[in-house]
Structures are given as C-alpha cells and as structure tokens.
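What follows is a set of notes on a single structure, which appears directly below.
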Amino acid sequence: MAVQDAQLRVLIAGAGIAGLATAIALTRISGISNLDIQLYEQAPELLEIGASIALSPNGMRTLEKLGVDNALSDEIGFRGPSDIPHIFRHWKSNQVVSVDTHINVPDRRHQTTRFHRGHLHAALLKHVPREAIHLGKRVSHAEATEDRVSLHFIDGTSTYGDVLIGADGIKSKVRQAYFPNYRLRFGGKIFMRATFDANLVEGKVPNLPADSTHWWGPKDNFFASKLGKGQYTTVGAYEDGRSLEELEKSISWDQPGDVQFLKEKYKNWNPVVKALSELTPYSRLYPNYVGDPLPTWVLASRVTLIGDAAHAHGGAFAAGGSLALDDSLALALGFKHTFASPESNIPFSASNIRRSLSLYDRTRRQHTEELLSIVHHQLNNQTPLSIAPEVGETVLISRLKNRPNTEWMTEHDVEKAFAIVAASQEFAVDASQANRTNGRKKVGGRNDSIGLREKL
Ligand SMILES: Cc1cc2nc3c(=O)[nH]c(=O)nc-3n(C[C@H](O)[C@H](O)[C@H](O)COP(=O)(O)OP(=O)(O)OC[C@H]3O[C@@H](n4cnc5c(N)ncnc54)[C@H](O)[C@@H]3O)c2cc1C
C-alpha cells in the first residue's frame, strides 16, 4: 500500500455496474491508502431495472479479482447445464444451427453467467459503503481545471474533487462536457424485455431448453434463459424505422410495452418460442443506441469515462457488463502503477493523474473500438427487409454460421493487456531518456510503444 499524506478525492458520476465496480477496484486494487471516493447517482433509490444481464468469463474473472466473490455463487447467477454459453437455434425448425463454446475456462464459476440485473447490482453494492453513494443527484454538467474537477447537479448544488470518472451510462453528461457534438445513433431495433418467476414457464413449456437459448429469425431474434434466484427472462425485438429524434420523442428507456404485441409477433415461431411469448407476463422497452468511438478517454488530465459512457455499443454481444468490469480493473491498475511505488508520497499532480488515465486509455480504448467497429459494420450492412423468403433463409443460415468470433473479447485477460501497455510505457520512457543522454533525436514515444506492444 502506497502511503500518501495528501488525500485523493475521486468523484464518480453514476452508480450503475461501472460506477460501483470502479469504486471497488480503486479501493482494493489501486493501493492508494488515502482515497475518498464519492458516487453521485441520479436515481432516487438504488433499484436496478428488471432486466437480465450476462457476464462472460472475462467479467466473471474480474469480479473475482475485485473480491466480489458473492456474485460468483450459483445462487445469484445461472450457468447452463451444458457449459455451452451461447446456443443459436432456427426460429421455425428449433434446430441448433451454431454454438459458441468456452475455449479456456476451467473454473465453472467463470463460465458465462446470467443474472437479474438487480441481483448483480446488489452483489456489488455490498462492497461499497452506503454513505459514499449520493442518490437523487442528477449531473447537469462537469468541468475541470488544472487543479480540480467539479460536478454540477440539476438541483443547483456542486461538488469538487481531484479526479472525475464519468460512469453515467450511454447518455453520459460527463462525456457531453468534452464532446458536445457527440451523437448516438439508433440501431433500428427495440428490445422487449421481461424477468419473472421461472415457475411461470418451467414445467409448462414442452421441450423448454435447460440452457440459455438464442433463436434467430429472418429479421428478429428471441432470447430466453433461466437467471439466478429462480428468475427467468425473455427478450424479444422488433424493428422500428423511425429516426433517433422521432424515437426519443415517443419511447423512453424502460417504458412499459404492449405484451400482446410480443405474443402476436412470435405466434408463428416454433412452439417453444410461441409458448414462452404467450407466458411472458409483461414487456418493457429498450431502444438500442450505439455511438462512435471516442478519440481519447483522457479528458483534461483529471477526467475519464468508463463503461457505456466510454464505449456506447448498445446491447451488442451482451458484452457491456463485462467490459465495464474490465474497464474498472484497468483504471485501478493505472493508478496503482503510477502511485503505488516503494517511494511514498508520489504527488497527486495533474501529470501523474494523467499518466494513470493514459495507461487505462491505452489498455481499453483500442480493445473496445474493435467491438464498436463490428457493431457499426453490422448496422451498415443490414439485410434489406424486402428480401425474398428463399433468399432470406440462405442469408439467415449464413448469418448464424458466420457469426463473428468473440473469444478475443469474452476471454480477454485485462491484467495481461495492462501489463503489456505498462511495459511499453516504461520502454518508451527509458528510450527517450537514453536518447536524451546520447544527444540523439528523440524516439517517437507512443508510436514506438505501440510497436513494442505489437511485438509482445
Ligand atoms: C435492459 C438492458 C439489458 C442489458 N443486457 C446486457 C447483457 O445481457 N449483458 C451485458 O453485458 N450488458 C447488458 N447491458 C448493458 C450493460 O448493462 C451495461 O453495458 C453495463 O451495465 C455497464 O453499464 P454502465 O454502468 O456503464 O451504465 P448504466 O448501467 O447505464 O449505469 C449508468 C448509471 O448512471 C446513472 N446516470 C445516468 N445519467 C446520470 C446523470 N446525469 N447523473 C447521475 N447519474 C446518472 C444511471 O442512473 C445509472 O445508474 C444491458 C443494458 C440494459 C439497460
């Protein structure tokens, strides 16, 4: 543990999965003894919306590294009996067309796990002091100077600190302060989600798969899975051709949907999906938004973004929760690398904070950009709706069989990635010092480090 006389006051906007995980990671991993972490959440109560969330092995391993062991238990999350994380069936025939398997996940607790979001959130909350979370604090804007950061709230109050982390989700106000022209794009689909007691469907739907299952149709998909604590989830989707502006006027996030519409939509699908949609008791609506990658996550030396605020990829590949957890660990490692050295009292200066944020940025931004590029490619190459049925079937089977490989993301080792970045930074520093000593031309810093990173 690095002993500092001064205190580092960290403000976190948003107490969702990214915000809570960041508070835990900084406290447990950064090695900084004198930390004051405060979270500001717009919601008046800490209730997560009633939807499911899947964490892949990278996210599960990171939960363990953060000491959130309680989230690894079979009671909270559901892991299917087959150990196959993603099973894809045909919408009409109900035949399995393709699967994703775990590649290197020997510990069953690290396998892809499905939670009710409220249960995962509650598991994280157990590790954050309640008095550090300020509810009903909706951020209106954020600012930073060379010396401090500030968060301003719509209730007219403000708070100040040394570091600001925007964990305020896909419509982040912290991001808006630095990228005022950043615009989300509507991905064209609205998801209809529900979570309910598994007894509503188990034993009542003939041939109900015991594993979590995706069914893919020509235009839309359906997903069903058991969750922890005896819960079950169904997720349907429909296309909506409206523009972002029109949509935002008529559909708000998490608004009640029409469950009759869900039943009608899936009435001609195979009997399992038809029965599941008929037994789904309600639906709530979630438009799918995506955004472009950001040019940097190091903002004004003392500010950064994490989770959906940093990479607005929508619900693609059910990756957001795991990415947010890995972000939090990488950020804490960045601080540890800078401040937790045998020399105590490394000052919390703007340049040292910037160095920590830069290590985080370089560990995570490029990685999440790869996902964003897949998401944007898919959006830009959607199959036209007017396609003939026989062609549609061929396109569907091809899409099912040629899904992008996601192992690079779902089994990503963020600690290893961080170590490579940190080593490349040290190499760049050493090289530039050597060059200065030799009186030669300086090497190109970042580009040289990237070169080394590729070699490693
Ligand atoms: C319905 C749904 C289903 C999803 N399914 C999956 C899935 O299966 N697998 C998966 O990995 N990911 C899924 N995701 C995405 C995943 O939940 C997120 O990527 C992940 O939780 C990281 O989110 P976050 O903490 O960055 O943002 P969020 O979860 O959006 O949390 C942001 C927090 O900031 C607060 N906030 C927002 N604006 C302000 C403001 N102005 N001031 C103060 N506080 C503010 C919000 O109230 C919220 O608590 C899903 C998301 C949703 C909503």
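Remember, it's 1-based here, ligands and their atoms both numbered in the order they're listed. Computed from a prediction, not measured in an experiment: that's the story for all the values here.
- The distance criterion of under 3.5 Å between nitrogen or oxygen atoms is met by Glu41 with respect to ligand 1.
- The ring of Trp91 has its center no closer than 6.0 angstrom to the ring center of Trp215.
- For ligand 1, the polar-atom distance check finds an N/O of Val139 within less than 3.5 Å of one of the ligand's N/O atoms.
- Taking the six-membered ring where tryptophan is involved, the planes of Trp253 and Tyr286 are perpendicular, since the angle between them exceeds 60° and thus also 30°.
- Looking at ligand 1, you won't find any N or O of Trp253 less than 3.5 Å from one of its N or O atoms.
- Considering both main-chain and side-chain atoms, Gly19 never comes within under 3.5 Å of ligand 1 through any nitrogen or oxygen pair.
- At least one N or O atom of Ala54 sits closer than 3.5 Å to an N or O atom of ligand 1.
- On a distance-only criterion, Gly321 and ligand 1 share at least one N/O pair closer than 3.5 Å.
- Heavy-atom contacts of Gly16 reach the following atoms of ligand 1: 25 (O), 31 (O), 33 (C), 49 (O) (cutoff under 4.0 Å).
- If you check each of Gln42, His121, Gln176 against atom 44 (N) of ligand 1, the one with the closest non-hydrogen atom is Gln42.
- At least one N or O atom of Ala318 sits closer than 3.5 Å to an N or O atom of ligand 1.
- Using bins of under 30°, 30° to 60° and over 60° for the plane-to-plane angle, the ring pair Phe335/Phe339 lands in the parallel bin.
- For Arg117, a nitrogen or oxygen atom sits less than 3.5 Å from a nitrogen or oxygen atom of ligand 1, counting backbone and side chain alike.
- Summarising the geometry of Thr280 relative to Leu276, their closest heavy-atom pair is OG1-O, 2.7 Å, with the distance given to 0.1 Å.
- The nearest non-hydrogen atom to atom 38 (N) of ligand 1, considering only Asp168, Thr233, Leu124, comes from Asp168.
- Ring orientation note: the planes of Trp408 and His367 are nearly perpendicular, at an angle over 60° on the 30°/60° scale.
- On a distance-only criterion, Gly320 and ligand 1 share at least one N/O pair closer than 3.5 Å.
- When each atom of ligand 1 is checked for a heavy atom of Gly307 under 4.0 Å away, the hits are 26 (O).
- The local environment of NZ in Lys92 is crowded, with over 12 non-hydrogen atoms from other residues, nucleotides or ligands closer than 6.0 Å.
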